[in-house]
Amino acid sequence: MGFLYFLFMSTELLCLLSKFSNAADTISPSQSLRDSETLVSMEGSFELGFFSPGNSQKRYLGIWYKNIPLRTVVWVANGGKPINNSSGVLMINSIGTLVLLNQINGSAVWSSNSSKKAKNPVVQLLDSGNLVLRDAKDNDPESYLWQSFDYPSNTLLPGMKLGWDLKRGVNRRLSAWKSPDDPSPGEFFYELELHNYPELVIWLGSSKYYRSGPWNGLHFSGGPDLIPNPVYDYNFISTTDEIYYIYQLKVKSLISMIVLNQTNYSRQRYVWIQAQQTWQAYSSVPRDYCDRYGLCGANGLCDFSQSPVCQCLKGFKPKSPKKWNLMDWSQGCARNEPLNCGNKDGFAKFGGLKLPDTNHTWMNTSMNLKECKAKCLMNCSCTAYANTDIRGQGSGCVMWFGDLVDIRLFSVGGQEIYIRMSDSELGSRTGPMMKKAVIVVAAVAIVSGMLITSYYICKRRTKLKEKVVNERIEEPINEGQEEDFELPSFKIATIANATNNFSDKLGEGGFGPVYKGTLPDGQEIAVKRLSVNSGQGIIELKNEVTLIAKLQHRNLVKLLGCCIEREERMLIYEYMPNKSLDFFIFDQTREKLLEWSKRLHIICGVARGLLYLHQDSRLRIIHRDLKASNVLLDNEMNPKISDFGIARSFGSDQTIANTKRVVGTYGYMAPEYAIDGLFSIKSDVFSFGVLLLEIVSGKKNRGFYRLDYSNLIGHAWRLWKEGTPLELVNELYDDCSSSEVLRCIHVGLLCVQQHPEDRPNMSSVVLMLVSESPMPQPKQPGFLIDRDPFEEATSLSCQSKSRSANEISITMLEAR
């Protein structure tokens with residue numbers, strides 16, 4: 001009898017255990033989940049349990065991918081309320097709510113707060129990654145009492161909805177983690193902004209950071225590159241009950257997610273690469289500088305292919321021309337001619353655009369474009385109109401009121417919008433015959449004017465060239481001559497005392513010797529003293545003072561003052577105790593002091609400094625001589641770009657310039673500059689690419705000899721084509737991240753491409769260095785094969801003051 005009882009109880013126990021094993025993805029009211037336990041979805045895709053992120057010791061309840069080796073958390077319950085020990089337990093309470101308790105004090109750390117009640121509640125982790133609370137007998141998604149997909153963390157999974165449940169007032173939005181160690185919500189949010197014409201917006205605190213543009217039937221207006229692809233499908237749903245964006249994977253075996261990152265301020269779409277056991281960024285926003293919300297102000301247009309990127313829409317002009325020319329675009333643009341209202345106004349058509357911010361819009365999906373125009377014309381506050389749906393011939397009507405904000409131009413794709421203009425601005429009163437007559441007369445006048453102007457310009461250039469040469473050779477500044485340098489002026493006696501009568505020499509460049517000194521207040525300084533025999537002269541000194549005195553950036557060397565007294569010409573800078581970059585990276589002993597993290601820090605710092613010069617400074621500066629010896633390092637190894645003696649400032653509408661006086665350092669100069677005298681921001685980008693490859697490899701571009709190529713660029717290009725770019729590193733550092741090094745090599749090769757139009761702007765370079773956004777494949781670099789440096793210099797008619805096997809500083813070159 002006892003044996004039979006034992007057999008019965010054992011059978012019951014086995015049945016219970018079997019039932020629990022089959023239900024490893026669920027929790028019933030009689031069960032709980034403790035810190036050491038987990039739930040696994042039916043097919044093993046996701047796991048629910050307790051974890052500690054990064055270096056934190058605090059405990060959080062979360063969901064992560066189960067079927068990949070790299071733990072990737074996609075949802076966190078108690079991000080703002082961590083548990084400080086392993087006392088957490090998840091359970092269903094007596095009223096059918098899912099709660100997370102701290103067992104030590106019995107307090108509720110988190111709860112589902114579901115309003116619906118179930119007779120037999122059960123918690124289940126689905127293979128979609130969704131944690132749901134439902135009735136045990138009802139598996140209908142529409143009947144879920146609560147689901148984690150309604151309350152995302154920083155990750156959007158396939159099948160999740162990003163947007164609003166209007167019936168329940170639930171806003172499904174992403175919030176970035178504060179840091180890799182802290183999953184509490186940061187100040188970075190991604191949500192659907194709900195108004196007449198909704199669009200997705202990334203917020204940085206209370207300010208808009210990025211805007212997708214509205215949905216146009218095919219994609220978001222600001223994402224013309226969002227096209228059908230082999231990885232995922234996407235859609236935008238708008239009903240009376242819900243408005244949301246959703247995507248689904250086309251191949252179920254793929255693993256993908258969208259993550260909002262606080263650390264690099266981006267929203268990135270990732271795909272898991274099984275062969276490499278890593279996540280690969282498939283797409284990212286913001287893509288570039290023009291994706292920054294409202295960069296060009298009201299009625300401004302951002303065109304990333306131009307430099308500067310901001311310009312006023314046709315028919316508009318800068319509100320503050322002075323600030324606009326200094327690349328402060330915050331005040332935006334105003335109309336050339338005021339609107340008249342009524343039928344006296346018309347509309348100008350603009351194409352290829354991201355539609356303006358839709359915060360102040362009116363929409364009607366049943367109207368056609370003709371009706372939309374008429375309705376906009378009747379309302380004096382209406383400033384623009386467009387189709388809401390661009391499929392087919394276009395349909396629907398949206399009208400804008402007030403200023404037009406956050407417009408950008410796309411080279412491919414984009415939408416059409418009709419912007420209201422005054423009758424005089426459109427020139428609608430001029431008949432066809434009159435227009436032709438005006439065009440003919442204008443053409444004749446322009447041609448005649450150009451011929452006359454060209455004649456006088458040629459004469460003036462000839463005289464000016466003679467004057468410059470004379471000044472350079474024969475006319476030093478007279479004592480007491482007033483110079484508008486906007487800098488403190490030092491007496492020669494002060495500098496002599498500070499440098500101990502010029503006894504502590506730091507080095508010597510093309511300008512002349514550089515001395516270390518200490519001012520009476522204790523500040524250490526570096527003094528550049530113009531040598532009588534210097535290849536550079538008063539023109540370079542004036543140029544450097546005029547430019548750098550107006551620049552302030554943490555990655556530019558700071559000019560403290562100058563000394564112009566009698567025959568002395570000196571510049572006084574902040575002292576850089578770690579000398580220049582070449583002092584470290586090209587020395588076999590000192591290079592070991594620069595581990596990878598410091599090299600990457602220097603690369604990013606130089607990139608930010610160059611971006612400031614090209615785009616964000618009061619002036620638009622082309623450096624023209626960026627190289628390792630012109631990057632100085634402070635006591636914390638922060639890089640600072642120096643030596644602006646041959647830099648040039650550009651006008652706001654200027655993109656390229658030509659010179660017969662090519663100056664710079666051979667090996668860093670772009671092909672179009674060295675050969676044809678053409679320089680632009682892209683010639684600086686080329687120099688940066690060379691410098692980047694030098695920092696990564698620890699080798700000089702010139703003087704690097706292999707059987708296949710005789711410079712570093714060529715060697716890096718060969719390794720790239722062979723699929724072994726990391727061989728460029730030669731085990732220089734052990735602690736480096738191969739993915740970061742590979743990305744830097746990739747960026748470097750993009751920067752040194754043969755044709756300037758193929759090279760990225762520095763804003764793109766900075767973004768590529770700090771994010772994991774996808775990059776195009778590089779094309780063939782310029783100057784692949786170097787000849788002997790002396791032979792090359794001779795063939796280019798170069799008169800050089802200093803020559804070496806590794807570096808030639810070119811001071812004069814007649815461009816062909």
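Of all the heavy atoms in Val514 and Ala526, the pair that sits closest is CG1-CB, 4.2 Å. The two residues Ser284 and Pro774 have their closest heavy-atom pair at N-CD, 4.4 Å. Among all heavy-atom pairs drawn from Ser764 and Asp288, the shortest one is OG-CB, 4.4 Å. Pairing each heavy atom of Gln268 with each of Ala281, the nearest pair is NE2-CB, 4.4 Å. Smallest separation of non-hydrogen atoms from Pro756 and Lys682: O-NZ, 3.2 Å. Closest approach of Pro180 to Pro53, counting heavy atoms only: O-CB, 3.5 Å.
Residues Thr72 and Tyr270 are not in side-chain contact: their nearest non-hydrogen atoms beyond the backbone lie 4.5 Å or more apart. Between Leu728 and His715, some side-chain heavy-atom pair lies under the 4.5 Å cut-off. Side-chain atoms of Lys516 and Tyr575, non-hydrogen and from C-beta on, do get closer than 4.5 Å to each other. Taking the side chain as every heavy atom from C-beta outward, Leu626 and Phe686 never approach each other to under 4.5 Å. You'll find the side chain of Gln754 reaches within 4.5 Å of the side chain of Pro671, heavy atoms only. Between Tyr673 and Arg624 the shortest side-chain heavy-atom distance falls below 4.5 Å. In this structure, the side chains of Cys751 and Val765 come closer than 4.5 Å at one or more pairs of heavy atoms. Two residues are said to be in side-chain contact when any heavy atoms from C-beta on lie closer than 4.5 Å; Leu750 and Arg759 fail this criterion.
Rounded to the nearest 0.5 Å, atoms OG (Ser739) and CG (Leu726) are 9.5 Å apart. Considering CG of Asn630 and CG of Asp643, their distance stands at 4.5 Å, rounded to 0.5 Å. Distance check, rounded to the nearest 0.5 Å: CD of Glu565 to CD1 of Ile495 gives 10.0 Å. For the atom pair CD (Glu568) and SG (Cys563), the distance works out to 6.5 Å, reported to the nearest 0.5 Å.
Using modelled atom types, one side-chain atom of Asn711 and one backbone atom of Gly714 make a donor-acceptor pair closer than 3.5 Å. Although no hydrogens or angles enter the test, the distance criterion places no donor-acceptor pair under 3.5 Å between the side chain of Ser56 and the main chain of Ser52. No donor-acceptor pair closer than 3.5 Å links the side chain of Asn261 to the backbone N or O of Thr263. Between the Asp521 side chain and the Gln523 main chain, a donor and an acceptor come within less than 3.5 Å of each other. No donor-acceptor distance shorter than 3.5 angstrom exists from the side chain of His755 to the backbone of Asp758, with no hydrogens or angles considered. Using a distance-only test at 3.5 Å, with no hydrogens or angles considered, a donor-acceptor pair links the side chain of Gln753 to the main chain of Lys779. Using a distance-only test at 3.5 Å, with no hydrogens or angles considered, a donor-acceptor pair links the side chain of Ser697 to the main chain of Leu693. Side-chain atoms of Glu187 never come within 3.5 Å of backbone atoms of Leu204 as a donor-acceptor pair (strictly under, hydrogens ignored). In this structure, the side chain of Lys640 does not engage the main chain of Val557 through any donor-acceptor pair within 3.5 Å. Between the Gln277 side chain and the Gln274 main chain, a donor and an acceptor come within less than 3.5 Å of each other.
Both cation-pi conditions hold for Arg529 and Phe502: the charged atom is under 6.0 angstrom from the six-membered ring centre and inside a 45 degree cone around its axis. Under the 6.0 Å distance and 45° angle rule, Arg590 counts as a cation-pi partner of Phe583. Under a cutoff of 6.0 Å and an axis angle of 45°, Arg648 and Phe679 do not form a cation-pi pair.
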Check your understanding: Could you go step by step and tell me if Ser687 and Val690 meet the side chain to side chain contact (heavy atoms under 4.5 Å, CB included) rule?
Key -> CA-CA 5 Å; Ser687 302; Val690 175; 5.8 Å; no
Point to revise | Steps toward side chain to side chain contact (heavy atoms under 4.5 Å, CB included) verdict (Leu692, Cys744) | key: CA-CA 7 Å; Leu692 193 158; Cys744 284; 3.8 Å; yes
Exercise for review: Please report the C-alpha distance between Thr665 and Asp625 in whole Å, then the side-chain angles of each, then the deciding distance to 0.1 Å, and finally whether the side-chain hydrogen bond (donor to acceptor under 3.5 Å, both in side chains) criterion is met.
Suggested key: CA-CA 6 Å; Thr665 303; Asp625 198 19; 2.8 Å; yes
Exercise for review: Assess whether side-chain hydrogen bond (donor to acceptor under 3.5 Å, both in side chains) is satisfied between Asn638 and His601, documenting all intermediate values.
Suggested key: CA-CA 8 Å; Asn638 294 311; His601 174 72; 2.7 Å; yes
Check your understanding: After noting the C-alpha distance and the side-chain angles of Tyr573 and Leu560, does the key distance pass the side chain to side chain contact (heavy atoms under 4.5 Å, CB included) rule?
Key -> CA-CA 5 Å; Tyr573 289 92; Leu560 304 176; 5.8 Å; no
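Proximity of the aromatic rings of Phe188 and Tyr265 is defined here by a centroid distance below 6.0 angstrom, and this criterion is met.
Between Glu595 and Arg599 there is no salt bridge, since no side-chain N of the basic residue sits under 4.0 Å from a carboxylate O of the acidic one. Taking the charged nitrogens against the carboxylate oxygens, Lys700 and Glu694 have no contact shorter than 4.0 Å, which rules out a salt bridge.
Put simply, the residue from Ile602, Val631, Ile603, Asp582 that forms a side chain to side chain contact (heavy atoms under 4.5 Å, CB included) with Leu691 is Val631.
More than 12 heavy-atom neighbours from other residues, nucleotides or ligands sit within 6.0 angstrom of CD on Glu757. Atom NZ of Lys58 has 12 or fewer heavy atoms from other residues, nucleotides or ligands within 6.0 Å. More than 12 heavy-atom neighbours from other residues, nucleotides or ligands sit within 6.0 angstrom of CG on Asn635. Heavy atoms from other residues, nucleotides or ligands lying under 6.0 Å from NZ of Lys579 number 12 at most.
Under 3.5 Å, the side chains of Asp684 and His614 contain a donor-acceptor pair of N or O atoms. Side-chain N/O atoms of Trp596 and Glu740 include a donor and acceptor closer than 3.5 Å.
Gln777 is linked by a side-chain contact (heavy atoms from CB on, under 4.5 Å) to Trp720, His746, counting only residues two or more places apart in sequence or in another chain.
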